[in-house]
Amino acid sequence: NAGVTQTPKFQVLKTGQSMTLQCAQDMNHNSMYWYRQDPGMGLRLIYYSASEGTTDKGEVPNGYNVSRLNKREFSLRLESAAPSQTSVYFCASSEKSSGRALDEQYFGPGTRLTVT
Amino acid sequence: AQSVAQPEDQVNVAEGNPLTVKCTYSVSGNPYLFWYVQYPNRGLQFLLKYITGDNLVKGSYGFEAEFNKSQTSFHLKKPSALVSDSALYFCAVRDLAGRRALTFGSGTRLQVQP
């Protein structure tokens, strides 16, 4: 199993350009997440998807949109990139088992995005 | 809203010595607490979690964490540090709004000197 995969690994954008970050998991997990990591701030939740067809805003959703394409894939789109969106982006997934949420999240390797 | 604090940006310890990485939390109700480790240019890896039960939780790579409800702390510990333990460590608490997303601390860099 590949676990959680993310593409691309690196990306440089100019202000105002758009792009989509792709994420896929092969663990049959229901829940998927997008975080951004900035120095000294830990990881902050951008969007969350509890299951296929549902999405919910996290702590820092402004400037982003998401699509839960199917159970495996959860994409993050920047419609008009800004320098403040320079960050490392992580996708994660998790599953619920035996009536209790396991909450153990599995993370992808990250996408390093620079907006100039 | 819940929050997590990691008061130390960096912890330095000599190889073979015990290590502690501190974490305090603030939540309404019972906390679900986690520790993750991040090696350079990698995603986060799960180390251990506290949901309920024994206050001392054992995890991967010889790490353990002690839950202390009265002090609202969940410190990460290891009896004997290895150089390979050098990494960035994150404490996290589960979102109690039912989303199962995590709120992370700012991270503590552990440096183990040979």
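Since we're looking at a predicted model, the values are computed, not measured.
- Counting heavy-atom neighbours within 6.0 Å of A:R77 CZ, excluding the residue itself, gives a total above 12.
- Atom NZ of B:K22 sits in a sparse spot, with 12 or fewer heavy atoms from other residues, nucleotides or ligands closer than 6.0 Å.
- With a threshold of 4.5 angstrom between heavy atoms, A:Q37 approaches chain B through side-chain atoms but not through N, CA, C or O.
- Neither the backbone nor the side chain of A:R44 comes within contact range of chain B; no heavy atom of the residue lies under 4.5 Å from a heavy atom of that chain.
- Chaining together hydrophobic side chains whose heavy atoms lie under 4.5 Å apart places A:Y47 alongside A:L13, A:M19, A:L21, A:M32, A:W34, A:I46, A:V60, A:Y64, A:V66, A:F74, A:L76, A:L78, A:Y89, A:L113, A:V115.
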Expected list for residues 8-18 of chain B: side-chain donor-acceptor pairs under 3.5 angstrom, two or more places apart:
unit_1 : atom_1 : unit_2 : atom_2 : d
B:Q10  : NE2    : B:N12  : OD1    : 2.9

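- Using a 4.5 Å cut-off between heavy atoms, B:Q38 contacts chain A through its side chain alone, with no backbone atom that close.
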